[in-house]
Every structure is written in C-alpha cells, then in structure tokens.
There are 2 protein chains.
Amino acid sequence: MFAGCSHTASPFRIGGKWTAQIIRCLEAGPRRFSELEIPLRSITPKVLTETLRAMERDALITRTVHAGVPAPVTYELTPLGLTLLAPMAACCAWAAEHLPTLLDARDAHDSVGSPGVDAGVGTHSAQS
Amino acid sequence: MFAGCSHTASPFRIGGKWTAQIIRCLEAGPRRFSELEIPLRSITPKVLTETLRAMERDALITRTVHAGVPAPVTYELTPLGLTLLAPMAACCAWAAEHLPTLLDARDAHDSVGSPGVDAGVGTHSAQS
DNA sequence: CAGAATCCAATACGATACTG
DNA sequence: CAGTATCGTATTGGATTCTG
C-alpha cells in the first residue's frame with residue numbers, strides 16, 4: 001500500500017507546495033515561464049524553476065525551447081501529467097466541501113485556552 | 001482555487017508524511033497507539049504523537065482515553081475524517097496505476113549523465 | 001502503555017541579485 | 001525572456017532517552 005511513499009511521491013504529497021497549481025495552470029494548454037509566474041503570484045523564479053525541473057524529471061511535463069531571440073520556453077502536460085487531473089479534481093472537491101469545516105475545527109481547537117477577546121467560534125474567514 | 005493552500009492543508013498536501021497512512025489504518029475501526037506503530041513500522045513515537053495531535057486538531061480523528069491501568073488510548077476517524085477516504089482512494093488508484101511510470105521516468109532521467117555500469121532503463125525495482 | 005523532552009539533520013521555501 | 005547563484009530561515013522528520 002502506498003508503494004513509493006518516499007515523501008516526494010506519496011499520493012497525498014505529490015511534489016511540493018506548487019506542483020498542483022502548476023498542473024492546473026497547464027491544464028488548458030502549454031504555458032511559458034512568465035505565464036506561470038503571473039497566476040502563481042507569490043512564487044519566486046528559483047522555486048518555479050526547481051518545481052518545473054522536478055516535474056519534468058517525473059515526466060509530468062515537457063520543457064520545450066523554441067527558436068527565436070530571446071528563445072521562448074514552453075511547458076506542457078504530458079499524458080502522464082494529464083492523468084493527475086482526475087485525482088486532483090477529487091481532492092479539490094473534497095477541499096471545497098470540507099476544508100472550511102476542518103479550518104473551523106482548527107480555529108475552535110486553537111482558541112481553547114486563549115480565547116483572546118472572545119471573538120467566538122467561526123473567526124475563520126478563509127484566505128485564498 | 002485551492003483555497004486554504006497554506007501548505008498544511010492543500011488538497012495535495014493533507015498533513016505530513018504519515019497522515020494518509022494513519023487514516024487508512026483507522027479505516028477499519030478504532031486503533032490503539034501501539035496498534036498504529038506496528039503497521040507504520042518506521043515511525044517514531046514522537047512523530048506519531050505529533051501527527052495524531054494535528055489530526056485531532058483538525059477534527060479528522062478523536063482521541064479517547066479509556067479506564068484501566070495502564071490506560072489504553074484509542075484513535076478513531078470522525079465523520080469528517082471518513083470523508084477523506086474517497087479522495088484518498090482516487091489518489092491511491094492513481095498511484096497504483098501511474099506511480100511506477102513516474103518512478104521509471106525519474107530513474108531514466110537520473111541515469112542520464114551517470115549511466116554507471118549501463119544498467120539500462122528500468123533499474124527501478126520499487127521499494128515499498 | 002502512551003507518551004514527553006531534548007537535540008539534530010535534511011529539506012523546502014523564499015529574498016535578493018545577477019546573466020546569456 | 002528565462003533562468004542561475006547565493007544566502008538565509010522555517011519547517012519537518014527522526015534518533016535517543018526518559019517518565020506517569
């Protein structure tokens with residue numbers, strides 16, 4: 001069970017913090033480096049490069065250098081990368097339905113012992 | 001999208017390295033601390049405790065101290081925890097079908113530039 | 001039995017600056 | 001444009017030892 005769960009490839013830990021978002025950005029077709037930086041607004045080029053290289057290594061995406069000066073580079077999902085969309089959708093649906101509950105429970109648990117100004121339960125106010 | 005992706009609660013990063021395995025261990029019913037240590041053979045009590053506490057905080061499991069000396073403690077999935085089984089099954093199915101492909105690609109990529117004794121592609125031999 | 005305490009190593013993530 | 005280089009910090013996971 002969970003064969004190969006060596007922490008970078010566990011079913012629930014596919015890659016790092018950005019892998020899932022990158023896959024979604026590539027869902028609609030090839031994107032260039034700078035086109036990925038925009039929607040992932042807080043990512044640094046270094047981390048983006050690292051993540052993309054790791055994904056390329058795992059055959060989830062392909063990296064293509066096109067002709068031109070300066071040479072544009074595009075990233076695209078491989079067939080293997082496309083297969084991740086289904087389980088990701090399942091996880092996404094779960095999050096949409098249950099993540100607020102989880103976060104509320106977390107808030108409630110955290111506020112025990114430090115109620116502060118008694119803001120009450122439900123202080124949660126999801127951040128994107 | 002991926003609301004609440006603050007790195008501990010992203011759909012593809014539910015908890016730490018062990019959260020998913022613990023959920024599966026609890027799938028068939030309540031388990032005691034020591035009953036969890038066995039199947040998760042390489043976990044240390046410290047990390048197991050940390051993970052269980054985090055899951056309890058997120059209302060994924062309940063912790064029950066029973067009467068007796070020494071007092072047995074059992075952990076059990078909450079209704080919320082049970083809802084994770086479905087997306088986990090999707091991820092698990094993905095892994096069963098595609099993880100070998102991914103790992104083979106990784107091996108192939110890694111062996112480029114350091115073919116060693118030319119073991120060829122497919123040196124993969126999955127470790128559990 | 002079910003952990004708590006302490007210490008430590010690896011890694012992930014990020015800020016900043018620079019380049020072919 | 002699409003990175004690379006360097007540095008620093010925060011978080012994670014683990015080994016070991018001890019206890020009500």
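In what follows, every chain begins at residue 1, and chains take the letters A, B, ... in the order their sequences are listed. Predicted model only: the values in this text are computed from it and were never measured.
Contacts of residues 28-41 of chain B with DNA chain C (heavy atom under 4.0 Å): Arg32(B), Phe33(B), Ser34(B).
Distance, Ile61(B) CD1 to dA2(C) C1': 14 Å, rounded to whole Å. Atom CD in Glu50(B) sits roughly 13 Å away from atom C1' in dC7(C) (whole-Å rounding). Spacing between atom CG of Leu48(A) and atom P of dG3(D) amounts to 8 Å, rounded to whole angstrom units. Rounding to whole angstrom units, NZ of residue Lys17(A) and C1' of dT12(D) are separated by 15 Å. Counting to the nearest Å, the C1' atom of dA2(D) and the OH atom of Tyr75(A) are 7 Å from each other. Taking atom NZ of Lys46(B) as the reference point, atom C1' of dC8(C) lies 9 Å away to the nearest angstrom.
When distances run from any side-chain atom of Val47(A) to the nucleotides dA2(C), dG14(D), dG14(C), the shortest one goes to dG14(C). Checking dA2(C), dG3(D), dG14(C) against the side-chain heavy atoms of Arg63(B) singles out dA2(C) as nearest. Residue Arg53(B) places its side chain closer to dA4(C) than to any other of dA4(C), dG14(D), dC13(C).
Among all heavy-atom pairs drawn from Pro100(A) and Ala95(A), the shortest one is CD-O, 3.6 Å.
Under a 3.5 Å cut-off, the side chain of Thr78(A) and the backbone N or O of Leu60(A) do form a donor-acceptor pair.
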